[in-house]
There are 2 protein chains.
Amino acid sequence: MNSRRVESPAAEVHDGTVTTDSAQGPPPGKRRGRRPAGQDTRTALVEAARTVFGESGYEGATVRTIAARAGVDAAMVNHWFGGKEGLFAEAVLELPFEPSEVLKILLDGSIDELGERIVRTFLTRWDMTGGGLFQALIRSITAHEQAGQVLRDFFLNQLFQRIVDSAGVENTDLRATLCASQLMGLGMTRYVAKFEPLASADVETLVKAVAPTIQRYINGDIG
Amino acid sequence: MNSRRVESPAAEVHDGTVTTDSAQGPPPGKRRGRRPAGQDTRTALVEAARTVFGESGYEGATVRTIAARAGVDAAMVNHWFGGKEGLFAEAVLELPFEPSEVLKILLDGSIDELGERIVRTFLTRWDMTGGGLFQALIRSITAHEQAGQVLRDFFLNQLFQRIVDSAGVENTDLRATLCASQLMGLGMTRYVAKFEPLASADVETLVKAVAPTIQRYINGDIG
DNA sequence: GTCTATACAACGATAGAC
DNA sequence: GTCTATCGTTGTATAGAC
């Protein structure tokens with residue numbers, strides 16, 4: 001794989017007058033220069049990326065395709081996200097796990113069934129994406145330290161810290177990371193390394209097997 | 001599609017230092033042809049590869065660098081290992097976890113303490129490599145399907161299948177993959193994503209927390 | 001002599017510099 | 001865009017073991 005140099009211009013608020021490629025076209029083509037105000041290029045790219053990455057996986061998706069679907073120039077991906085990987089990280093993390101929505105599902109019910117609900121929710125959502133997104137996510141983490149930071153904030157601060165907090169136990173930090181470790185391992189084994197029979201097992205089979213682990217990490221005896 | 005321009009216009013096959021054994025005194029450059037017996041090119045490559053892969057990861061390490069450190073030509077990597085991938089598999093998988101040695105350690109003792117011994121052994125060995133090799137391993141399996149196959153054979157067939165078999169339970173295949181899932185997740189969280197406080201936790205703290213999970217996957221109730 | 005481990009040259013691809 | 005350095009890999013001539 002490539003070690004793309006990522007300058008990470010990242011979250012620049014003001015657009016920096018990047019010229020769009022002059023479209024092939026005669027009339028209906030895009031104009032050069034800054035787009036009219038109110039068009040949220042960044043959001044459009046993220047939404048297009050979710051669709052295209054989900055359809056084609058990380059490898060299959062091309063920056064050009066995503067940009068075309070978003071109706072902007074491919075150079076915008078570099079400008080806003082520092083490259084394909086950065087766009088991916090943002091698109092993938094927020095797509096299947098919109099935090100407030102997931103939290104609502106997970107925290108609605110008995111604490112003693114939290115493990116079950118967590119494993120079922122994660123596996124179901126990951127399965128829906130076909131696993132390609134998970135694999136690309138892992139790759140993104142190993143390739144760029146920055147992606148690890150994004151994942152860390154999301155996984156821990158937005159999800160597991162709050163989940164574990166709701167259980168009213170001590171050592172919440174360690175418990176949260178232990179939960180993350182088992183779930184990441186589950187994803188690695190099922191979608192990336194593809195160890196059988198786990199990779200093809202029913203969701204409910206895995207829920208039965210793994211939920212007690214998560215439950216113990218949340219509010220059981222860990223030391 | 002450019003044919004790279006060679007600098008020296010004289011494209012003589014024979015030139016320079018190679019020709020003379022007798023006349024010219026200094027034979028500092030490597031001579032062509034078979035080296036004197038007793039020089040273990042293969043082992044030298046594996047050792048160099050461990051160092052370089054650990055420092056630079058799979059992508060960052062180059063075959064040429066590894067070969068140079070080993071004091072041999074880069075083509076030897078192909079000759080002995082079939083390519084970069086093969087060298088990586090041998091260097092990363094078989095050296096720190098020489099299966100028979102690890103199996104001996106793990107299977108020596110009570111079955112009810114297997115979880116403890118497994119977690120302690122893996123963490124200790126991974127910690128010794130500084131985590132660089134683990135990161136390189138993960139990177140490798142996300143990049144190349146073939147590396148996943150190597151990992152699968154090693155982890156399951158050589159290690160966990162036998163371990164679980166020794167416990168005399170059913171569902172050994174699923175149990176083995178469950179064990180692998182927690183250990184891979186532990187490595188991901190500690191060495192790649194670096195979630196704190198798990199990433200900096202004492203080995204024994206993690207042994208206490210995670211060993212019961214592994215133990216349950218080996219011979220507990222999983223469904 | 002045969003066989004093979006070895007080093008050198010070169011290729012196509014690609015990423016970065018200019 | 002063009003050029004260049006470098007990557008992994010392959011082809012091949014040769015030196016040394018047998």
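Computed from a prediction, not measured in an experiment: that's the story for all the values here. Chain A is the first sequence line, chain B the second, and so forth, proteins listed ahead of strands; every chain is numbered from 1.
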message: Considering every strand and a 4.0 Å limit on heavy-atom distances, what is the contact class for B:Ala67: base, sugar-phosphate, or nothing?
response: nothing
Contacts of B:Arg117 meeting side-chain contact (heavy atoms from CB on, under 4.5 Å) (sequence neighbours excluded), chain-then-number -> B:Leu106, B:Glu113, B:Leu114
Could you walk me through whether B:Phe122 and B:Leu159 pass side chain to side chain contact (heavy atoms under 4.5 Å, CB included), step by step?
CA-CA 12 Å; B:Phe122 273 71; B:Leu159 278 186; 4.0 Å; yes
A:Arg152 side chain to B:Lys194 backbone, donor-acceptor under 3.5 Å
yes
Sorted by chain and residue number, the side-chain contact (heavy atoms from CB on, under 4.5 Å) partners of B:Val210 (sequence neighbours excluded) come out as A:Leu178, A:Tyr217, B:Val119, B:Gln182, B:Leu186, B:Ile214
Does a side-chain N or O from B:Thr62 land closer than 4.0 Å to OP1 or OP2 of D:dT6, or not?
no
Taken in chain and number order and not counting sequence neighbours, the residues that satisfy ring pair (Phe, Tyr, Trp, His ring centres under 6.0 Å) with B:Phe195 are none
B:Arg64 atom CZ is separated from C:dA7 atom C1', nearest whole Å, by 13 Å
Sorted by number, residues from residues 74-84 of chain B placing a heavy atom under 4.0 Å from DNA chain D are B:Ala75, B:Asn78, B:Gly83, B:Lys84
The side-chain contact (heavy atoms from CB on, under 4.5 Å) partners of B:Asp173 (sequence neighbours excluded) come to A:Pro197, B:Gln161
Angle separating the five-pair end axes of the helix from C:dG1-D:dC18 to C:dC18-D:dG1, nearest 10°, is 10°
Taken to the nearest whole Å, CG/B:Asp73 to P/D:dG11 is 15 Å
Here the distance between atom P of D:dG8 and atom CG of B:Leu45, to the nearest Å, is 13 Å
Smallest heavy-atom separation, A:Arg190 atom then A:Leu198 atom, equals NH1-O, 3.0 Å
*asked:* Test side chain to side chain donor-acceptor pair (under 3.5 Å) on B:Ser200 and B:Glu196; report intermediate values, then the result.
replied: CA-CA 7 Å; B:Ser200 308; B:Glu196 296 292 356; 2.8 Å; yes
